[in-house]
Amino acid sequence: MSGWFRGVLLALLLMMGGCGAFLGPDPANTPESNFEIFWESFDRHYAHFVHKDVDWDEVYRRYRPRVDSLTTDEELLEIFGEMIRYLEDGHVYVSAGEVGRVQSDLHLRGSRRNYDRNLISRRYIMGTELSAGEGNFRYGWAGHSLGYVHLATLSGAEGIGEDVHGWIEDLDEVLAYFKDAEGLVIDLRNNSGGRAFNTTFVASRFATDTRDFVVTRTRNGARHDAFSSPTVWKVSPAGPRQFTKPVVVLTNRYSFSAAEWLTLALRQYDHVTHIGTNSGGGLAMFLPRELPNGWHYTISVQETRDADGIFYERVGVPPHIYVENSPDDVSQNRDAILEQALIHLRKQAGLPAR
């Protein structure tokens, strides 16, 4: 385990220990107590108040008077939902069992028109569509000498650093299949993320040298602007081969979390072009918490920027070439995003137009 990763892990473990100390022994299970714990947990640990210009004290003043001993579970969940909506954060939610669930940023997710798995399989894959990595890789030829790979998730697999292993290792099998390809589409649409080390594993197969791609800091003090020292994440070439011919990475607003890290890692290299819509805008690490009433919630505790210091929370990573599938595209069974990717690859690879 590298020194910088030990530092990150230690900081998070200390934070988790601090959370337990903060909550105290056996807090009361009342609407007022659950509200206070919920509000104060965010006040102490949430990472993006300053960047999002959220006055969390004003949120307290606005919602605390609505909670008393007679507040029902349904009313309390509605209040929590209104509070976290100010954060517009895809890594923040409250799960209240049978009472329901509220999410901070559903109003930001955008259209689901921008990815249709069955349409791609039916119209754009030539010949047999293959799968690998327990079905998480779906791939095939999408044109003369042009490969297509959809990566469904970055969850699962095991290990850290150079010791990542599991289903994700099948990526090397996929890239071996495309060893003669002149261009490759890496489709991250609807990929909701997963493990950061899976990100560096995938990106290493497209890397030409070592590059910084994200910088993280963890909230570690009572002030809203109190953070740990920065940790720089790097990607380097690894594995049996690197694909360094033209690559297009595709995203939509449902490309989230570790999928956004992977997008940033791939974008460090000149042979990679990013096409589609902005990604989901939720790059931070988060921690799960539990209230006395048994409800679970999450808090984003980490500030994540790209290697140039740009902050993409909420807005997402903007593509080099913006393309969105219109209602007309859907009615005509077209994937305009993928078609633009293939046009771009043909041009970059010097292949004839279709």
Side-chain angles (χ1 to χ4, degrees), residues 115-159 162 164-191 194-195 197-208 235-251 255 258-259 262-263 265-276 335 337-352 354:
Y115 175 71
D116 184 335
R117 169 176 177 164
N118 292 329
L119 174 63
I120 293 171
S121 301
R122 185 173 68 249
R123 178 165 181 173
Y124 294 97
I125 299 300
M126 302 169 57
T128 302
E129 180 180 81
L130 304 173
S131 68
E134 299 177 4
N136 290 314
F137 295 111
R138 200 167 47 84
Y139 62 102
W141 294 101
H144 176 68
S145 299
L146 299 179
Y148 170 88
V149 184
H150 183 265
L151 177 53
T153 183
L154 287 157
S155 296
E158 299 175 353
E162 297 178 0
V164 172
H165 56 278
W167 67 263
I168 202 162
E169 293 176 292
D170 284 1
L171 175 61
D172 291 324
E173 170 190 321
V174 175
L175 293 182
Y177 180 82
F178 289 123
K179 61 182 176 60
D180 295 323
E182 296 298 327
L184 192 60
V185 175
I186 304 297
D187 195 344
L188 298 180
R189 289 178 292 176
N190 286 27
N191 184 318
R195 299 178 67 247
F197 284 111
N198 290 340
T199 288
T200 54
F201 182 98
V202 174
S204 72
R205 272 54 177 176
F206 300 90
T208 56
V235 58
S236 301
R241 60 169 46 82
Q242 278 68 50
F243 191 96
T244 59
K245 294 178 182 179
V247 172
V248 169
V249 57
L250 304 182
T251 65
S255 307
L262 177 54
T263 300
L266 293 172
R267 282 170 56 115
Q268 301 308 310
Y269 300 99
D270 292 339
H271 64 289
V272 177
T273 303
H274 178 193
I275 294 178
D335 186 337
I337 297 173
L338 178 55
E339 289 184 10
Q340 181 60 50
L342 296 174
I343 291 170
H344 182 82
L345 283 179
R346 291 188 193 100
K347 182 177 180 180
Q348 294 297 108
L351 297 173
R354 283 180 57 181

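Judged by the 6.0 Å distance and 45° axis criteria, R117 is not positioned over the aromatic ring of Y115.
Between H150 and Y148, the two ring planes are parallel [angle under 30°; tilted spans 30° to 60°].
Considering CG of N191 and OG1 of T263, their distance stands at 8.5 Å, rounded to 0.5 Å. Taking CD1 of I275 as the reference point, atom CD of E339 lies at 12.0 Å (rounded to 0.5 Å). From L184, atom CG reaches atom NE2 of H271 across 9.5 Å, with rounding to the nearest 0.5 Å. To the nearest 0.5 Å, the span separating CZ on R267 from OG1 on T251 amounts to 8.5 Å.
Residues passing the ring pair (Phe, Tyr, Trp, His ring centres under 6.0 Å) test with H274, sequence neighbours excluded: none.
By the 4.5 Å heavy-atom criterion applied to side chains, V249 and L188 are counted as neighbours. Residues D187 and I120 meet the side-chain proximity criterion, which asks for heavy atoms closer than 4.5 Å. Counting only heavy atoms from C-beta outward, the side chains of E169 and F201 approach each other to under 4.5 Å. Counting only heavy atoms from C-beta outward, the side chains of F137 and I168 approach each other to under 4.5 Å.
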**Message:** Test salt bridge (Lys or Arg N to Asp or Glu O under 4.0 Å) on R241 and D172; report intermediate values, then the result.
**Reply:** CA-CA 8 Å; R241 60 169 46 82; D172 291 324; over 6 Å; no

**side chain to side chain contact (heavy atoms under 4.5 Å, CB included) between L119 and L338, intermediate numbers included** = CA-CA 11 Å; L119 174 63; L338 178 55; over 6 Å; no

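In the displayed structure, E173 atom CD is contacted under 6.0 Å by more than 12 heavy atoms of other residues, nucleotides or ligands.
Counting only distance, with no hydrogens or angles, the side chain of H144 and the backbone of R346 share no donor-acceptor pair below 3.5 Å.
Listed by first then second residue, pairs satisfying side chain to side chain donor-acceptor pair (under 3.5 Å) with a partner in residues 176-186 read W141-Y177, not counting sequence neighbours.
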